[in-house]
Amino acid sequence: MADQLIRATAADGGIRAVGVITTRLTEEARQRHKLSYVATAALGRTMAAGLLMASSMKRAGSRVNVRVKGDGPLAGILVDAGVDGTVRGYVGNPNIELPPNAKGKLDVGGAVGNGFLYVVRDIGYGYPYSSTVELVSGEIGDDVAHYLVSSEQTPSALVLGVFVGATGVTAAGGLLVQVLPKAARDEALVAKLESRMAALSGFTPLLQAGKTLPEIFNDLLGDMGLTIFPENQILRFHCGCSFDRVLGALKMLGEAELQDMIVKDDGAEATCDFCGRVYQASSEQLAQLIVDLQAESSVSG
């Protein structure tokens with residue numbers, strides 16, 4: 001099943017639901033970063049959460065940055081997700097592995113530890129909106145739901161999941177259900193929705209049972225005036241890094257540092273944290289950067 005995002009509403013527009021399948025892009029991230037089981041689950045959940053949060057943004061080019069900074073051995077998570085369906089991310093320690101938690105599942109909370117969740121929403125102009133909340137459990141889903149309630153004042157239920165087997169990621173994705181102000185006053189409706197969300201055993205078991213996103217929506221909201229939008233957005237792992245950007249970053253180091261790289265290393269090597277791509281700059285290319293800097297200096301002088 002292709003990685004995809006589907007939106008729906010219920011209760012005359014009072015309930016907003018978004019579902020994502022992110023199996024392939026999570027597997028790509030696992031391979032790119034050579035992630036352990038628990039690191040794959042942590043990054044996969046956060047990428048799904050980023051895509052779900054970005055789905056509410058209206059302006060083309062809008063993006064959400066999600067940073068999980070905890071004191072656990074994972075050493076943090078950073079995800080960048082766009083309203084265009086692209087996402088990228090990495091963890092601080094991709095090799096960390098922990099024993100299963102008390103429920104017999106991957107111990108993402110133990111890997112993340114205690115700390116904070118930082119969210120930055122960039123709509124492409126003006127100052128980005130940023131907010132910080134304390135981590136609730138480190139399991140990502142609880143933490144993002146807490147952020148949505150406390151920082152955006154939107155009652156939200158979030159279910160995220162990543163199943164990693166011996167051959168890699170076989171199921172990943174998530175479901176976000178939000179009660180908007182027009183429905184929040186209907187206590188019976190809210191209670192019914194909370195009960196059904198609490199009854200979910202997880203998200204990946206649904207995918208492994210062959211459920212599609214429309215079927216999951218129908219099981220959850222089918223008797224609440226469900227309307228599923230026909231648009232099916234394709235999701236993918238994508239990083240906008242390039243050799244030109246690497247040269248631009250190297251140029252900012254200045255003449256002395258560039259000259260030192262030429263003498264000591266006969267060039268430079270840079271690795272993109274987000275996608276793991278390695279870039280090589282030759283001593284000739286570094287020398288050209290020095291020439292460019294000198295030219296710019298003489299013009300400004």
Side-chain angles (χ1 to χ4, degrees), residues 1-6 19-52 54 66 68 70 72-82 85-101 103-112 138-141 144 158-176 200-213 215-216 232-241 271-278:
M1 191 179 300
D3 288 351
Q4 57 191 276
L5 180 150
I6 293 179
V20 294
I21 294 174
T22 56
T23 305
R24 294 182 182 180
L25 66 85
T26 304
E27 171 61 13
E28 181 172 348
R30 185 191 73 83
Q31 293 183 21
R32 282 180 176 272
H33 297 303
K34 299 178 175 58
L35 300 173
S36 67
Y37 284 86
V38 72
T40 301
L43 181 57
R45 291 181 192 178
T46 311
M47 289 194 298
L51 288 164
L52 288 168
V66 183
V68 180
L74 188 63
I77 310 167
L78 181 59
V79 162
D80 170 54
T86 61
V87 66
R88 58 181 184 163
Y90 65 93
V91 301
N93 184 356
N95 303 313
I96 179 66
E97 200 65 273
L98 296 176
N101 61 22
K103 296 181 180 180
K105 297 184 178 181
L106 292 171
D107 192 6
V108 172
V112 170
E139 294 288 339
I140 309 303
V144 174
L158 189 64
V159 181
L160 303 171
V162 175
F163 187 87
V164 196
T167 59
V169 179
T170 57
L175 177 66
L176 172 64
L200 288 178
S201 59
F203 190 77
T204 51
L206 300 176
L207 297 183
Q208 291 172 314
K211 291 279 188 179
T212 64
L213 288 176
E215 288 172 339
I216 294 171
N232 183 331
Q233 185 179 21
I234 299 300
L235 306 176
R236 62 193 177 100
F237 187 101
H238 172 73
C239 185
C241 66
T271 302
C272 176
D273 288 332
F274 279 108
C275 69
R277 188 174 289 119
V278 178

| request: Show your reasoning for whether side-chain contact (heavy atoms from CB on, under 4.5 Å) applies to L52 and L160. | output: CA-CA 10 Å; L52 288 168; L160 303 171; 4.0 Å; yes
| request: Specify the closest pair of heavy atoms between A111 and L98, including all atoms of both residues, with the distance to one decimal. | output: N-CD1, 3.4 Å
| Can you tell me how far CG of L176 sits from CG of L158, rounded to the nearest 0.5 angstrom? | 5.5 Å
| query | Side chain of H33, backbone of G89: donor and acceptor closer than 3.5 Å? | reply | yes
| field | Intermediate values then yes/no, side-chain contact (heavy atoms from CB on, under 4.5 Å), L175 and L206 | value | CA-CA 11 Å; L175 177 66; L206 300 176; over 6 Å; no
| Donor-acceptor pair, N93 side chain versus P73 backbone, under 3.5 Å? | yes
| Whether R32 side chain and C275 backbone form a donor-acceptor pair below 3.5 Å | yes
| query | Hey, are the side chains of L235 and V87 touching, using non-hydrogen atoms and a 4.5 Å cut-off? | reply | no
| query | Does the side-chain contact (heavy atoms from CB on, under 4.5 Å) test come out yes or no for V162 and T40, once each step is laid out? | reply | CA-CA 8 Å; V162 175; T40 301; 4.3 Å; yes
| Can you check side-chain contact (heavy atoms from CB on, under 4.5 Å) on T170 and T23, steps first, answer last? | CA-CA 6 Å; T170 57; T23 305; 5.6 Å; no
| remark: CG (L74) and CD1 (I96) are apart, to the nearest 0.5 Å, by 7.5 Å
| query | If you measure from CE on M47 to CD1 on I77, what distance do you get to the nearest 0.5 Å? | reply | 10.0 Å
| request: Please assess E27 against R30 for the test salt bridge (Lys or Arg N to Asp or Glu O under 4.0 Å), listing each intermediate value before the final yes or no. | output: CA-CA 5 Å; E27 171 61 13; R30 185 191 73 83; 2.8 Å; yes
| field | Rounded distance [0.5 Å steps], OG1 in T212 versus CG in L207 | value | 9.5 Å
| R45 side chain to E139 main-chain N or O, any donor-acceptor pair under 3.5 Å? | yes
| query | Does the T22 side chain pair with the main chain of L25, one donor and one acceptor, at a distance under 3.5 Å? | reply | no
| request: Check L213 against F203 and note the closest heavy-atom contact, atom names and distance. | output: CD2-CZ, 3.8 Å
| task | State, to 0.1 Å, how close T204 and A171 come at their nearest heavy-atom pair, and which atoms those are. | result | CG2-O, 3.5 Å
| Nearest atoms (heavy-atom pairs only) where T26 meets A172 | OG1-CB, 3.8 Å
| Taking side chain as C-beta onward, heavy atoms only, is S36 less than 4.5 Å from N95? | no
| When rounded to the nearest 0.5 angstrom, what is the spacing between CG in L43 and OH in Y90? | 11.0 Å
| Inter-residue atom distance N101.CG - L106.CG, 0.5 Å rounding | 8.0 Å
| Could E28 and R236 be called an ion pair, given the rule that one side-chain N must be under 4.0 Å from one carboxylate O? | no
| query | Can you tell me if E97 uses its side chain to pair, donor with acceptor, with the backbone of V38 under 3.5 Å? | reply | yes
| field | Heavy-atom pair of closest approach, residues L51 and A81 | value | N-CB, 3.7 Å
| message | Testing the basics here: between A39 and P94, what is the closest heavy-atom pair and its distance to 0.1 Å? | response | CB-O, 3.6 Å
